[in-house]
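Worth saying up front: this structure is predicted, and the values here are computed from it rather than measured. Atoms within each ligand, like the ligands themselves, are counted from 1 in listed order.
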Amino acid sequence: MGHDLEKVLVTEEQINARLTEMAAEIDADYAGRELLLVGVLKGAVMVMADLSRRLHHDVEMDWMAVSSYGSGTKSSGVVRILKDLDCDVTGRDVLIVEDIVDTGLTLSWLIANLRSRGAHSVEVATMLRKPGEARVPVEVAYVGFDIPGEFVVGYGLDYNQRYRTLPFVGTLAPHVYA
Ligand code: 5GP
């Protein structure tokens, strides 16, 4: 995969250090409360696994799959549920675990959707955020790293289902898109 990469934006060491800090913040903020982590498939698998294992909290985990990207690199703004939650969120404290917040369209839809089901609270933890690309304001309580508005892969993020297993976050060389 090495020759497909252009540059590394966030190293494995940086990700691990930041996850530990984020977990400490979440533990403190939710002290004494039950927490439901909702991961967004498939991109959030890595951050969910690594963040949840750093929590000292007894958490429950559930997953949703939504589509907003197709196989290209531009957000469509159209959100469709491909896999819904298994559990009922009524009255629960929900923390959405995301890989990346780009335009914010997917996330704002997801927050509204979970609130409409009667969740007691809905907050967001994301490993990456592209502040320059925001098209709707979304309040994100826990952010790993703010990055420039480039298409990135690794640490759960794919391009045409590849590169998810890279332990760092980087950009692809132009020939990959050709
Ligand atoms: P948004 O709705 O905030 O624009 O983005 C929603 C989804 O688009 C993210 O959860 C992620 O799956 C995908 N996405 C956004 N930016 C990137 C990126 O730079 N790389 C990859 N691989 N996916 C992205």
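Side chains of Val8 and Val169 form no contact here, defined as non-hydrogen atoms less than 4.5 Å apart. Side-chain contact between Asp93 and Tyr30: present, with at least one pair of heavy atoms (C-beta onward) separated by less than 4.5 Å.
Within the 4.0 Å heavy-atom shell around ligand 1 one finds Lys130. Ligand 1 lies less than 4.0 angstrom from a heavy atom belonging to Gly104. For Tyr159, the closest heavy-atom approach to ligand 1 does not fall below 4.0 Å. Not close to ligand 1: Leu107, with no non-hydrogen atom less than 4.0 angstrom away. Residue contact annotation: Glu150 has a non-hydrogen atom under 4.0 Å from ligand 1.
Polar contact with ligand 1: absent for Val153 (N/O pair, distance under 3.5 Å). In terms of polar-atom proximity, Leu157 is not counted as a contact of ligand 1, lacking any N or O under 3.5 Å from an N or O of the ligand.
In His56, the NE2 atom is not crowded: 12 or fewer heavy atoms of neighbouring residues, nucleotides or ligands sit closer than 6.0 Å. Around CD of Glu25, the count of heavy atoms belonging to other residues, nucleotides or ligands within 6.0 Å exceeds 12.
Near Asp158, meaning under 4.0 Å from one of its heavy atoms, ligand 1 places the atoms 21 (C), 22 (N). Those atoms of ligand 1 that come under 4.0 Å of a heavy atom in Thr103, given as number and element, are 1 (P), 2 (O), 3 (O), 4 (O). Annotation for ligand 1: atoms under 4.0 Å from non-hydrogen atoms of Thr106 are 1 (P), 2 (O), 5 (O), 6 (C).
Side-chain contact annotation: Thr171 with Glu6, donor-acceptor N/O pair under 3.5 Å present.
Following chains of ILVMFWY side-chain contacts shorter than 4.5 Å, one cannot reach Tyr177 starting from Val152, and the two form parts of different hydrophobic clusters.
Using bins of under 30°, 30° to 60° and over 60° for the plane-to-plane angle, the ring pair His3/His175 lands in the parallel bin.
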